[in-house]
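Numbers here are sequence positions counted from 1.
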Amino acid sequence: MTFVLVHGAWHGGWCWQRVADILLAHGHRVFAPTLTGLGERSHVVPPDLTLSTHIMDVVNEVKWKDLDGIVLCGHSYGGLVISGVAEHIADRIAAMVYLDAFVPRDGESLLDAGGHAQPGPDGVMVTPISATYFNVNAADRDWVDAKMTLQPIACFRERLTLSGAHETIASKTYVRATGFALPGFDACRERCRANPDWRVLDIDCGHDVMIDKPLELANILMTA
């Protein structure tokens with residue numbers, strides 16, 4: 001199987017390493033691109049960086065590496081990214097997994113979907129939310145905080161135009177991390193639960209499931 005793992009706001013591809021190691025050990029292919037302006041790409045922040053840029057980061061990852069039949073997983077903000085990706089390359093996606101993520105409706109931004117982000121003094125960049133707030137396990141909080149980077153508020157304000165392409169994917173899973181309280185995620189879970197086309201699962205940990213419960217998450221992905 002081929003997995004494409006999309007991180008959330010302020011994170012980077014680094015957050016998937018534990019899960020990637022497990023999937024690779026089972027013989028699968030794993031791609032965890034870092035989105036423009038974040039993580040090891042935080043030194044490149046174009047003035048017009050938006051959600052659309054991040055969508056094309058993933059679309060081009062798939063196209064340029066000739067990936068097909070992929071399991072596409074998006075964490076948190078990454079739920080908007082993968083929904084946009086499906087608009088471009090639905091024919092290459094075998095399954096989608098929304099990991100404690102926003103499942104946007106047409107015309108919604110992250111802020112519209114129940115997320116929150118406040119720009120700093122410059123009015124442009126948003127300071128990362130702390131690992132403690134995300135309820136990351138205590139042993140990893142300092143490490144996670146040290147890896148998080150600023151992100152432009154424009155990424156959270158851009159509204160997606162969706163035709164519903166992500167709903168055409170035959171296999172769709174929503175995973176809710178019950179150790180992190182956010183009404184927006186609860187609303188997404190309940191919408192998915194009301195649709196028989198979705199598989200809905202709960203996992204007992206904080207928001208960064210890939211860090212807190214990598215083995216459990218890998219098993220969920222391998223059954224997607």
Side-chain angles (χ1 to χ4, degrees), residues 4-16 19 31-42 45-46 48-59 61 72-88 96-120 124-131 133-136 144-145 147-162 166 172-177 180-189 191-192 206-212 217:
V4 177
L5 310 176
V6 181
H7 63 79
W10 308 295
H11 289 63
W14 56 268
C15 70
W16 295 106
V19 174
F31 299 84
T34 292
L35 303 175
T36 299
L38 301 170
E40 71 271 20
R41 303 179 68 189
S42 57
V45 185
D48 57 349
L49 176 57
T50 62
L51 171 60
S52 290
T53 310
H54 291 159
I55 290 169
M56 293 312 300
D57 284 339
V58 180
V59 169
E61 179 85 4
L72 180 62
C73 177
H75 175 240
S76 196
Y77 163 79
L80 284 90
V81 177
I82 66 172
S83 297
V85 169
E87 293 292 319
H88 295 269
M96 297 183 74
V97 179
Y98 287 77
L99 179 61
D100 221 30
F102 298 100
V103 184
R105 290 174 282 205
D106 181 41
E108 284 190 334
S109 67
L110 177 140
L111 300 178
D112 296 326
H116 53 87
Q118 293 294 328
V124 175
M125 303 299 286
V126 179
T127 301
I129 292 174
S130 73
Y133 180 83
F134 282 146
N135 197 24
V136 174
V144 170
D145 283 336
K147 293 284 189 182
M148 302 274 258
T149 51
L150 299 170
Q151 184 164 338
I153 187 67
C155 296
F156 308 123
R157 287 175 174 164
E158 181 183 355
R159 291 186 166 95
L160 275 175
T161 298
L162 298 174
H166 64 290
K172 299 179 289 292
T173 301
Y174 191 89
V175 181
R176 179 71 174 102
F180 177 62
L182 191 74
F185 292 156
D186 293 331
C188 289
R189 175 182 58 185
R191 286 206 327 264
C192 294
H207 182 50
D208 280 9
V209 183
M210 71 291 288
I211 292 169
D212 286 354
L217 177 54

For a side chain to side chain contact (heavy atoms under 4.5 Å, CB included) check, start with the C-alpha distance between M148 and I129, then their side-chain angles and the critical distance, and finish with the verdict. CA-CA 9 Å; M148 302 274 258; I129 292 174; 5.7 Å; no
Of the non-hydrogen atoms in F180 and D100, which two are nearest, and what is the gap between them? CD2-OD2, 3.9 Å
Please check: side-chain N/O of E87 versus main-chain N/O of L162, any donor-acceptor pairing under 3.5 Å? no
Please report the interatomic distance NZ(K147) to OG(S42), rounded to the nearest 0.5 Å. 10.5 Å
Straight-line distance of I55 CD1 to H88 NE2, nearest 0.5 Å: 6.0 Å
If you measure only the distance, is there a donor-acceptor pair under 3.5 Å linking the side chains of R41 and T36? yes
Checking E158 side chain against T50 main chain: does a donor-acceptor pair fall under 3.5 Å? no
Quick one, T161 and D106 - any side-chain contact, counting heavy atoms below 4.5 Å? yes
Kindly give the heavy-atom pair with the smallest separation between G37 and T149, and that separation in Å. O-OG1, 4.5 Å
Between V6 and the options T34, V85, V58, the side chain to side chain contact (heavy atoms under 4.5 Å, CB included) test singles out V58
Report yes if some heavy atom in the side chain of F185 is under 4.5 Å from a heavy atom in the side chain of Y98; otherwise report no. no
Using 30° and 60° as the class boundaries, would you call the ring planes of H116 and Y133 parallel, tilted or perpendicular? perpendicular
Close side-chain approach of R176 and C192, heavy atoms under 4.5 Å: no
Rounded to the nearest 0.5 Å, what separates atom NE2 in H166 from atom CG in L72? 11.5 Å
I want to check something: taking the side chain as every heavy atom from C-beta on, are L160 and P104 in contact at a cut-off of under 4.5 Å? yes
Has W14 got a side-chain atom pairing as donor or acceptor with E40's backbone, closer than 3.5 angstrom? no
Distance check, rounded to the nearest 0.5 Å: D212 atom CG versus N135 atom CG? 7.0 Å
Any donor-acceptor pair under 3.5 Å from D145 side chain to A131 backbone: yes
All heavy atoms of C15 vs all of H7, minimum pair found to be SG-CB, 3.8 Å
Return the minimal non-hydrogen interatomic distance between H207 and S76, and the atom names on each side. NE2-OG, 3.0 Å
Nearest 0.5 Å please: distance from the CG atom of L49 over to the CG atom of L35. 9.0 Å
Using atom types as modelled and distance alone, determine if a side-chain donor or acceptor of Y77 lies under 3.5 Å from a backbone N or O of F102. no
Which value, rounded to the nearest 0.5 Å, describes the distance between I211 atom CD1 and H11 atom NE2? 5.5 Å
Closest non-hydrogen contact found for C73 with W16 is SG-CH2, 3.9 Å
Which atom of L80 lies closest to which atom of L110, heavy atoms considered: CD2-N, 3.4 Å
Under a 3.5 Å distance rule, please check whether R191 uses its side chain to pair with a backbone N or O of V103 as donor and acceptor. yes
